Structure formats: C-alpha cells, structure tokens
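Working notes, beginning with the structure itself.
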Number of protein chains: 2
Amino acid sequence: MSLKHYRHLQEHFHSLIRNKVLEAGSKLPSEREIGEQFKLTRVTVRQALQSLEMEGMVYRQNRRGWFVSPPAVVYDPAAHLSFNIFVTEQGYTPHTEKLQQTLVAADSEVATKMNLAVGTPVLFLHRRRYIDNRPVLIEKMYINTTLLPGIEEEDLTQSLSQLLARKYQMSYRDMDLSFKATSLPEEATSALGITAGQSGLNIERINYTQDKQVLEIDYEYWRHDAVTIQIAIRD
Amino acid sequence: MSLKHYRHLQEHFHSLIRNKVLEAGSKLPSEREIGEQFKLTRVTVRQALQSLEMEGMVYRQNRRGWFVSPPAVVYDPAAHLSFNIFVTEQGYTPHTEKLQQTLVAADSEVATKMNLAVGTPVLFLHRRRYIDNRPVLIEKMYINTTLLPGIEEEDLTQSLSQLLARKYQMSYRDMDLSFKATSLPEEATSALGITAGQSGLNIERINYTQDKQVLEIDYEYWRHDAVTIQIAIRD
DNA sequence: AACACCAACTGGTATATACCAGATTAACTT
DNA sequence: AAGTTAATCTGGTATATACCAGTTGGTGTT
C-alpha cells in the first residue's frame with residue numbers, strides 16, 4: 001500500500017483527462033464530492049488538485065469550481081504573427097478586450113527603454129485576451145506615439161500588427177524578449193479570474209521598427225497552462 | 001483587520017528578503033518556529049512559504065528546510081554560449097555532474113527528429129548542473145554519434161560546445177526551442193532534491209549543425225526560480 | 001580518527017472541523 | 001416577464017492535531 005493518497009487521486013484524474021473521459025473545459029466534481037467518493041478530506045483533495053494545476057491539467061475559477069485545461073497554444077515570437085492569427089491557425093477562437101487606454105507620461109523605466117525624455121506622452125494600453133472565451137493573458141503596453149501619430153483614435157482591440165501595416169506601413173521586426181515562470185501579481189489574477197498568487201508566465205517584449213527605434217514595450221502575464229513558447233533560431 | 005494571515009506572512013518574508021535582511025542562500029526558521037512566532041498553525045505557515053516559492057523568493061530542500069533563492073541567471077539560447085560560460089560571466093560558479101552515459105538505440109521520437117532509422121545507436125547523456133553548488137537543472141541529451149565519432153570517450157562533464165569546436169571543428173548554430181512552465185516530473189525533483197511535483201521550467205532543444213543535420217536533442221528541467229530566458233530576435 | 005548508532009529536528013502527508021466570501025440557483029415578489 | 005431575495009453550492013482560509021520519513025548532529029564505540 002503506497003501511501004500518498006493525493007498522488008493516487010492526481011493520477012486518477014490525470015488518466016481520466018488523458019483518456020478524454022473528462023473533456024477539455026468540462027467541470028470536475030466539487031472538492032467535497034471528490035472527498036466523499038474517495039474517503040479523503042478536502043485538504044488532501046485540494047493538494048491533489050493543486051498538483052494537477054501545476055501540471056497544467058486543470059485550472060480553477062474563483063468559487064466556481066475546477067475545470068479541465070484545454071491544450072496550450074504554441075506561441076512563436078519569432079514568427080511575427082499576431083495573437084489573432086496564430087490562435088486562429090491552431091483552431092481556436094481569439095478575442096481581445098480593451099481594459100484601459102490613456103496617454104501617460106513616460107516614467108523613467110519606459111523613457112529609458114524608448115530612448116525618450118522622462119515625461120514624454122506615451123500611449124498606455126491594457127488589454128485582456130481570450131482563447132475560446134477563456135481569459136488567458138493580460139498585457140500592458142506602452143506605445144511610442146511619437147512614431148505613430150493618431151494611433152489613439154484607432155480601434156485598439158484589433159491586431160496592432162495589422163494596424164501598423166495598414167496605417168503606418170510598418171511591421172514588427174527585431175525584438176527583445178524575456179520569459180520568466182513566476183507567480184501572477186494581484187492585478188493579473190483578478191483580471192484573469194484566478195486565485196491570487198498562482199503561478200504563470202511573465203513575458204516582457206520590446207518591439208523595434210525597421211530602423212531600430214522602440215515601437216512598443218509589452219508586459220504580458222499568461223496562465224501557465226495556456227501557452228508553450230516555441231522559437232526557431234536561425235543565424 | 002484584513003484577514004489572510006498567510007499573505008501577511010508572505011509579505012513579511014518578501015520584505016525581509018528584498019531588503020537583504022535575509023541573504024540569498026540563507027536558511028529560514030523552521031515552519032514550527034515561524035508558526036510559534038506569529039501564532040499561526042503550520043498549515044498557514046506552509047501556505048505562505050509555498051506562495052513565496054511560487055514567486056521564486058524561496059526554495060526548499062527535502063526535510064532540510066527553506067532557503068532564500070539566489071537571483072536567477074539569464075539564459076540567452078541565441079547567444080550560443082555554453083552553460084559554463086554564461087554562468088561564469090554573471091558572477092556565479094557552474095558545475096556539471098554526469099549521472100549517466102550510455103549508448104542506446106534511438107526510439108521512434110528521437111529517430112524521427114534526428115532523421116535516423118529507429119534503433120540506430122545514439123549517445124544518451126544524463127547530467128545535473130549546479131550554480132554555486134545548488135542543483136538547478138537536469139538534462140537528458142541524445143547525441144548523434146554518427147556525426148561525432150569517438151565522442152563517448154571524451155570527458156562529458158565539460159562543455160559540449162567547447163568539445164565540438166576543439167575535436168570536431170563544429171559549433172552550435174540553428175536550433176529549435178520550446179519552453180513550458182510545468183511541474184517537474186519525479187525523476188527531476190528527486191535529482192534536484194525538490195519536493196515532488198513542484199513547478200519548474202521545461203526546455204526542449206534541437207541543435208543543428210551548419211549543414212542542417214541534427215546534432216543533439218536536449219530535454220532540460222530547470223528550477224523555475226533559477227533562470228530567466230532572454231532572447232534577442234534579429235531578422 | 002573513523003565508524004555505528006540513536007535522539008532530535010526538519011519538512012511531508014493526512015484527518016477532522018469550522019467559518020468566510022463569492023457564484024449560482026430557486027423562490028418569491030412586483 | 002422582470003427584478004429582488006434568500007438559500008445553497010463552490011472554493012478560500014484557518015485551527016488543532018497526529019504520525020511518517022529523511023537529515024542532522026551528538027554519543028559512544030572501536
């Protein structure tokens with residue numbers, strides 16, 4: 001009799017999900033029901049669920065229940081494809097929601113990275129993005145309006161890369177990327193409907209124009225189970 | 001009185017660590033001591049510590065205690081620097097330990113990726129790598145010995161990239177990379193001295209030669225708090 | 001000095017229980 | 001039919017307790 005009841009429970013659900021007995025997006029029984037069925041306390045049940053959550057097999061919605069995680073989308077930053085396009089290409093439905101949009105004065109961090117004077121107006125854009133109606137990431141962007149006059153009058157729930165191409169004859173080229181597995185800050189968890197402090201993926205990106213000027217700085221927080229990063233490095 | 005005692009405790013240690021009152025690598029008081037000091041049960045203390053662990057602020061060693069996490073190293077796969085070099089450049093001391101080395105028959109996954117027949121002998125190499133004496137990653141590599149005759153007789157705790165350059169006049173060039181934040185499999189946690197099922201970073205890498213042949217396939221599992229990925233994309 | 005052993009200490013797993021807070025649903029109003 | 005209210009269901013936080021399983025450090029041997 002190998003102990004570790006929560007491992008048994010974890011393996012049980014893992015196998016149900018792997019074998020598609022429980023489909024992506026479907027709701028698991030409540031913690032209390034599971035506990036009753038397996039003669040375990042809620043504490044133990046929760047430990048199993050949290051392990052499954054770390055594996056990326058299940059996710060939770062605050063006080064609504066536990067759900068089977070859909071497959072992760074593949075994100076290739078080097079492909080220069082917009083969110084809308086690569087999500088659609090993989091058979092899912094993207095959706096973008098604008099949470100906030102204001103002109104702000106560049107703070108020292110943003111100003112330094114953009115090579116602007118502190119206080120220069122930049123466009124701050126806060127968006128939430130969905131895959132198949134599940135919120136998977138929030139992003140905060142600082143856009144160099146100096147290079148993109150009039151951009152604040154456009155519909156900024158659409159793809160920025162398409163907007164750049166159409167209105168400014170520009171496209172994303174060089175970029176600096178940084179990834180870190182970390183816990184999600186409160187602003188991210190509340191916007192994504194996640195329990196505070198759950199782990200996620202933090203991406204920082206600086207996009208440059210063809211002539212090496214900083215077009216935009218992007219801070220993204222993803223649900224960790226929603227994305228796999230894939231990059232082809234070709235020198 | 002805002003509830004959530006564990007958040008208070010989390011913030012308490014977060015601030016101690018941020019202000020260097022607790023230095024990197026130093027040991028925290030035991031869970032029981034902390035509980036006594038703050039009049040909290042061990043369950044609550046553990047919840048706070050687990051949150052700090054997800055933040056990357058602390059880590060644990062099985063039944064030895066909790067420790068303050070050192071800063072993460074920056075890993076730039078596109079820079080083609082060996083582990084030894086980029087760790088040293090950032091002021092830390094790298095160390096590599098060979099856990100296993102055998103010739104194995106390529107299974108279908110490896111054979112397909114290497115464009116070899118199933119069953120072709122490939123060199124399997126299992127290593128554990130340390131930063132400042134802390135084990136931070138394990139890697140399992142499958143090396144295309146067809147391209148590198150005699151490599152199994154070399155010292156494979158050293159840098160492979162240096163070995164390639166010296167003995168075979170080869171260097172890493174193109175590569176396919178995949179990153180995923182996930183939980184560490186049992187083989188990784190036990191080798192790293194981590195509690196089973198903790199979250200980590202999974203990296204898969206395929207290295208190609210100058211003429212597009214697969215040199216090596218690499219599966220890495222990192223402690224999530226030990227590394228930040230940074231890539232400069234230049235088209 | 002080297003070894004074997006044991007007590008003490010650490011985190012790991014688990015039970016039993018309670019109350020809180022947000023989400024959902026059913027019942028009741030208007 | 002639409003809106004309000006209350007009961008119920010969900011996960012979130014917390015106490016108190018117990019025993020298990022590696023690690024550590026000291027004790028006593030050799």
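In what follows, chains are A, B, ... by sequence order, proteins preceding strands, each numbered from 1. Computed from a prediction, not measured in an experiment: that's the story for all the values here.
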Subject >> Heavy-atom donor-acceptor pair, R63(A) side-chain to dA21(C) base, under 3.5 Å >> reply: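 For R63(A), whose side chain was compared with the base of dA21(C), there is a donor-acceptor pair (under 3.5 Å).
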Length of the line joining [X]:[atom1] and [N]:[atom2], which is rounded to integer Å:
X: I34(B); N: dC9(C); atom1: CD1; atom2: P; answer: 17 Å
X: W66(A); N: dA23(C); atom1: CH2; atom2: P; answer: 16 Å
X: L49(B); N: dG11(C); atom1: CG; atom2: C1'; answer: 10 Å
X: E53(B); N: dG11(C); atom1: CD; atom2: P; answer: 12 Å
X: K27(B); N: dG25(D); atom1: NZ; atom2: C1'; answer: 14 Å
X: I194(B); N: dG11(C); atom1: CD1; atom2: P; answer: 16 Å
X: Y59(A); N: dT10(D); atom1: OH; atom2: C1'; answer: 15 Å
X: N62(A); N: dG12(D); atom1: CG; atom2: P; answer: 6 Å

Original post:
Residues two or more places apart in sequence or in another chain: which of them pass side chain to side chain donor-acceptor pair (under 3.5 Å) with R42(B)?
Top reply: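 E31(B).
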**OP:** List for me each residue that meets side chain to side chain donor-acceptor pair (under 3.5 Å) alongside E36(A), sequence neighbours excluded, and say none if there are none.
**Re:**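 Partners of E36(A) by the side chain to side chain donor-acceptor pair (under 3.5 Å) criterion come out as none, since no residue qualifies.
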**OP:** Determine, for Y59(B) and R134(B), whether the Lys NZ or Arg CZ falls below 6.0 Å from the six-membered ring centre while staying within 45 degrees of the axis.
**Re:**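 The answer is yes; both the distance and angle limits are met.
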**OP:** Look at all strands and tell whether E33(B) reaches a base, only sugar-phosphate, or nothing, counting heavy atoms closer than 4.0 Å.
**Re:**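 The answer is sugar-phosphate, as E33(B) gets under 4.0 Å only of primed atoms, P, OP1 or OP2.
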Original post:
Looking across every strand, which nucleic acid part, if any, lies under 4.0 Å from R46(A) by heavy atom: base, sugar-phosphate, or nothing?
Top reply: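 Touches a base.
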Original post:
Start at the 5' end of DNA chain C and walk down; is the nucleotide closest to R64(A) or to Q47(A) reached first?
Top reply: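 The answer here is Q47(A).
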Please list, for nucleotides 15-19 of chain C, all pairs of protein and nucleotide N/O atoms separated by less than 3.5 Å.
unit_1: dT15(C); atom_1: OP2; unit_2: T41(A); atom_2: N; d: 3.3
unit_1: dT15(C); atom_1: OP2; unit_2: T41(A); atom_2: OG1; d: 2.8
unit_1: dT15(C); atom_1: OP2; unit_2: T44(A); atom_2: OG1; d: 2.7

Original post:
Within less than 4.0 Å of OP1 or OP2 of dG12(C), is there a side-chain N or O belonging to R60(B)?
Top reply: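 Indeed, a polar side-chain atom of R60(B) lies that close.
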**OP:** Verify the contact: side-chain N or O of Q61(A) to OP1 or OP2 of dG11(D), cut-off strictly under 4.0 Å; return yes or no.
**Re:**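 Q61(A) to dG11(D) OP1/OP2: no side-chain N or O under 4.0 Å.
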**OP:** Determine, for R18(A) against E11(A), whether the closest basic-nitrogen to carboxylate-oxygen distance falls under 4.0 angstrom.
**Re:**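 Salt bridge between R18(A) and E11(A), a charged N being under 4.0 Å from a carboxylate O: yes.
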Original post:
Taking C-beta and beyond as the side chain, do I143(B) and L160(B) meet within less than 4.5 Å on heavy atoms?
Top reply: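 Yes. Closest side-chain heavy atoms under 4.5 Å.
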Original post:
Which pair of heavy atoms, one from L99(B) and one from R128(B), lies closest together, and at what distance?
Top reply: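 Closest approach of L99(B) to R128(B), heavy atoms only: CD2-NH2, 3.5 Å.
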Subject >> Nearest non-hydrogen partners of Q158(A) and R129(A), listed with the distance >> reply: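 Closest approach of Q158(A) to R129(A), heavy atoms only: O-NH2, 4.5 Å.
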